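Values in this document were obtained by computation on a predicted structure and should not be read as measured data. Throughout, protein chains are lettered first and strands after them, A, B, ... in sequence-line order, and every chain is numbered starting at 1. Any value given below was found using the heavy atoms of this structure, including those in side chains, with hydrogens, waters and symmetry copies removed.
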Amino acid sequence: MRYSQMLIPTTRENPAEAEVVSHRLLLRGGFIRKLTSGLYTFLPLGLLTLQKVAAIVREEMNRAGAQELLMPMVQPADLWQESGRWQKYGAELLRFRDRHQRDYCLGPTHEEVITDLARRELRSYRQLPVNLYQIQTKFRDEIRPRFGLMRCREFVMKDAYSFDVSDEAASKSYEVMRDAYHRIFRRCGLDFRAVEADTGTIGGSFSHEFMVLADTGEDTLVICSHCDYAANVEKARVALPEDGMAQEEMAPMARVATPGMKKVERVAGFLGTTPDRVIKTMLYLADGEPVAALVRGDREVQSVKLKNLLGATEVEPMPDDEIWQRTKLPAGYMGPVNIGIRLVADQEVMRMVNAVAGANEKGHHLTGVNPGRDFQPDLTGDLRQITTDDPCPECGGSLTLTEGIEVGHIFKLGTGYSEAMKATFQDRDGTEKHFVMGCYGIGVSRVVAAAIEQNHDEHGIIFPLPLAPFQVIVLNLGVNSEATSRAAEQIYHDLQAAGLDVLYDDRDERPGAKFKDADLIGIPFRVTVGRTWEKEGKIELRRRATGETVTMDYDGAVGRISAMIRDELAGQR
RNA sequence: CGGGGCGUAGCGCAGCCUGGUUAGCGCGCCUGCCUUGGGAGCAGGAGGUCGGAGGUUCGAAUCCUCUCGCCCCGACCA
């Protein structure tokens with residue numbers, strides 16, 4: 001491709017709207033342009049990059065035995081009513097009516113459509129297992145789209161769905177996908193981890209997220225430094241030490257005045273104790289109902305864990321100004337004793353002895369509070385956020401926290417959808433059985449953003465070779481010299497003939513501008529035909545990633561370069 | 001939706017507080033000359049209903065009201 005004929009609107013200055021690196025560089029490099037919040041046009045360079053990712057995904061999915069199909073983006077409401085998600089999915093599901101006043105939605109995901117297809121077309125166990133996937137635009141009416149391609153409303157996703165005869169078979173399908181995902185992200189040149197994850201609105205019993213490690217990630221992961229345990233903090237199990245029981249006589253409960261002492265630290269300091277001897281009471285709304293969650297004073301509630309423990313679909317902290325109004329409890333002085341609303345306690349709280357807790361009376365706390373004796377929670381379990389002070393739940397090793405970008409998520413769905421939608425097949429013994437399903441997503445457009453988050457410097461993007469829109473850029477630094485231009489053109493043609501993706505910068509620009517643009521758009525290899533060619537008959541090859549530059553004879557250069565690129569690609573496969 | 005910030009030329013910004021000529025600057029764009037190894041220089045030029053509506057005023061980018069949009073922090077997720 002000739003640079004002069006391609007729309008690559010690079011900018012020198014940073015766009016005001018972009019804060020994170022990938023967003024900034026995608027805009028500056030002329031990969032994307034914003035239409036409106038959360039909606040982006042992929043410009044030619046952006047589309048090429050997206051297609052590179054899609055090609056890798058497609059290749060590995062096919063290799064794993066999955067079949068590609070394409071489902072409609074517009075989906076009828078009745079399918080969603082059947083699965084129950086028309087009510088459950090919430091405002092993220094964009095709904096609308098057609099001219100006949102029939103309800104539809106734009107597909108945020110395709111469990112309903114695929115399950116409908118399966119129940120019509122898959123009749124016999126002989127047809128199973130089946131794994132069907134598509135690469136398609138999804139629409140989710142996100143509360144807050146942000147960070148460019150990282151979190152859009154419209155985005156490109158690969159979604160796959162597996163159908164199996166049994167749970168064991170489904171587990172096998174799941175493992176096949178897990179392996180495929182590892183290959184995909186490895187081939188994309190990304191530093192990633194597969195972590196245990198929460199299942200969210202998709203539902204299901206078991207899932208892993210694939211996280212690209214990057215500071216701008218929206219998720220936090222815990223990673224064990226000794227074994228291969230890794231988990232999303234939303235999910236990470238907190239191990240309860242065997243010998244955590246305090247050896248202390250239970251004291252009688254006493255009411256003390258603690259005027260103005262709302263924060264745990266202040267109460268503890270005032271009463272001459274430490275936050276780990278205080279029971280912290282946090283109020284939440286679980287599906288609209290008030291719930292009190294108890295954790296030790298030096299811990300934080302993990303609301304996803306709370307949600308799962310309660311079996312709720314939505315949990316949010318109760319706004320301060322609603323606490324009194326809804327519960328008649330004084331914010332800052334709440335405690336578990338005679339609280340009068342649903343009570344959930346972290347496992348650790350149940351071991352506390354002679355704790356301090358709010359008295360449910362303004363300006364007062366209780367001392368000598370003992371769980372089991374003075375209050376009995378409705379539920380107990382693992383409720384708190386894990387910290388780096390906690391041991392690894394698998395091996396007891398030490399944990400570190402890292403930010404991550406979720407680029408893939410795989411779920412074991414079980415029979416939830418097939419039961420709701422009566423999707424069955426006839427098994428070997430003649431009985432009708434529900435399909436055991438799995439679903440597997442990859443944010444194809446997000447992979448592009450994640451790759452940039454992980455691979456850039458102050459000059460611009462440094463694309464991993466497999467994702468780069470072009471593998472080589474040829475700079476003609478002598479567009480006004482016929483001889484130089486002829487040499488550059490020849491190299492351009494020969495590299496193309498060797499099967500490489502080549503961008504040929506034939507613009508009438510000064511060298512500086514060409515170097516800057518080449519760096520900005522992140523093409524892995526740069527060939528320069530200019531002064532050194534004119535003087536010594538040599539050309540220059542420079543690697544974007546390392547800055548390493550070699551000069552080589554013009555003759556034979558194309559062979560050397562294409563061999564180098566092929567070797568590198570083969571090595572990553 | 002709650003909290004914070006911003007809308008002035010294609011992009012980045014100044015001007016607004018304290019109303020008053022023809023609304024500026026840098027980059028980019030067009031023409032010519034010149035230049036060609038890290039975003040050159042000179043000369044000339046095009047480009048704006050100051051997000052929109054209403055109001056105050058002799059007079060509004062500037063003050064007031066409403067409204068729309070965008071960005072950032074939280075819940076959501078590939």
Side-chain angles (χ1 to χ4, degrees), chain A residues 9-20 23 27-28 30 33-38 53 57 89-93 108-109 135-159 181 197-202 209-212 218-219 232 234 284-285 303-304 307 313-317 319-322 405-411 439-450 459-460 475-481 484 508-520 526 528-535 540 542 547 549:
Chain A
T10 60
T11 67
R12 197 190 300 213
E13 279 169 302
N14 279 322
E17 70 187 48
E19 299 228 334
V20 305
H23 191 194
L27 287 167
R28 274 196 63 203
R33 283 296 181 261
K34 185 177 68 186
L35 178 61
T36 184
S37 179
V53 177
V57 169
Y89 212 94
E92 218 175 292
L93 186 66
T109 175
I135 296 175
Q136 186 215 33
T137 298
K138 294 284 184 278
F139 191 93
R140 295 182 185 175
D141 200 356
E142 294 282 346
I143 306 165
R144 184 155 89 85
R146 60 185 140 171
F147 304 158
L149 291 192
M150 209 99 106
R151 175 172 231 79
C152 314
R153 291 192 291 173
E154 198 177 301
F155 62 99
V156 177
M157 175 166 160
K158 186 282 303 178
D159 48 324
Y181 272 44
D198 183 59
T199 51
T201 38
I202 305 282
E209 285 169 335
F210 287 77
M211 295 282 189
V212 169
E218 297 183 86
D219 290 274
N232 195 313
E234 292 176 350
Y284 285 82
L285 283 171
S303 59
V304 172
K307 185 184 81 178
T313 48
E314 203 178 336
V315 162
E316 52 176 348
D320 283 350
D321 52 350
E322 286 181 28
I405 301 166
E406 183 187 354
V407 288
H409 201 158
I410 59 179
F411 301 83
C439 79
Y440 318 92
I442 290 180
V444 177
S445 44
R446 186 181 278 178
V447 167
V448 174
H459 301 294
L475 301 189
N476 176 359
L477 296 190
V479 283
N480 295 319
S481 150
T484 310
D508 187 10
E509 290 286 347
R510 296 168 58 83
K514 295 193 177 193
F515 290 137
K516 290 287 185 190
D517 278 334
D519 284 350
L520 177 60
R526 186 183 84 190
T528 308
V529 184
R531 187 176 283 166
T532 47
W533 181 81
E534 284 157 23
K535 286 184 180 156
E540 247 172 53
R542 181 183 160 101
T549 310

K.L.:
Can you classify the ring geometry of Y440(A) versus Y181(A) as parallel (below 30°), tilted (30 to 60°) or perpendicular (above 60°)?
P.N.:
perpendicular
K.L.:
Kindly point out which of G74(B), A40(B), C76(B) is positioned nearest to the side chain of R510(A)?
P.N.:
A40(B)
K.L.:
Can you tell me the Watson-Crick or wobble partner of G44(B), both distances under 3.5 angstrom?
P.N.:
C30(B)
K.L.:
From the list A75(B), G39(B), A78(B), which nucleotide is the closest neighbour of the side chain of E406(A)?
P.N.:
A78(B)
K.L.:
What residues, two or more places apart in sequence or in another chain, satisfy side chain to side chain contact (heavy atoms under 4.5 Å, CB included) together with Q136(A)?
P.N.:
L70(A), M73(A), H110(A), Q134(A), K138(A)
K.L.:
Can you check whether R140(A) has a side-chain N or O nearer than 4.0 Å to OP1 or OP2 of C77(B)?
P.N.:
no
K.L.:
Sequence neighbours excluded, which residues qualify as side chain to side chain donor-acceptor pair (under 3.5 Å) partners of R146(A)?
P.N.:
E218(A)
K.L.:
Please write out the pairs of protein N or O atoms and N or O atoms of nucleotides 10-13 of chain B separated by less than 3.5 Å, giving the distance to one decimal.
P.N.:
from	atom 1	to	atom 2	distance (Å)
G12(B)	OP1	A16(A)	N	2.9

K.L.:
Between the protein and nucleotides 42-46 of chain B, list every N/O to N/O distance that falls short of 3.5 Å.
P.N.:
none

K.L.:
Got a sec, which residues hit side chain to side chain donor-acceptor pair (under 3.5 Å) with R153(A), two or more places apart in sequence or on another chain?
P.N.:
D141(A)
K.L.:
Any strand counts, and the cut-off is 3.5 Å on both contacts for Watson-Crick or G-U wobble. Which nucleotide pairs with G54(B)?
P.N.:
C64(B)
K.L.:
Return the pairing partner of C70(B) with a 3.5 Å limit on both distances, Watson-Crick or G-U wobble; otherwise return none.
P.N.:
G5(B)
K.L.:
Can you identify which nucleotide, out of U35(B), G38(B), C76(B), has its nearest atom closest to the D519(A) side chain?
P.N.:
G38(B)
K.L.:
Nearest to the R144(A) side chain among G39(B), C76(B), C72(B), which nucleotide is it?
P.N.:
C72(B)
K.L.:
List for me each residue that meets side chain to side chain donor-acceptor pair (under 3.5 Å) alongside S481(A), sequence neighbours excluded, and say none if there are none.
P.N.:
T484(A)
K.L.:
If you look at every heavy atom in P108(A) and Y89(A), which pair is closest and at what distance?
P.N.:
CB-OH, 3.8 Å
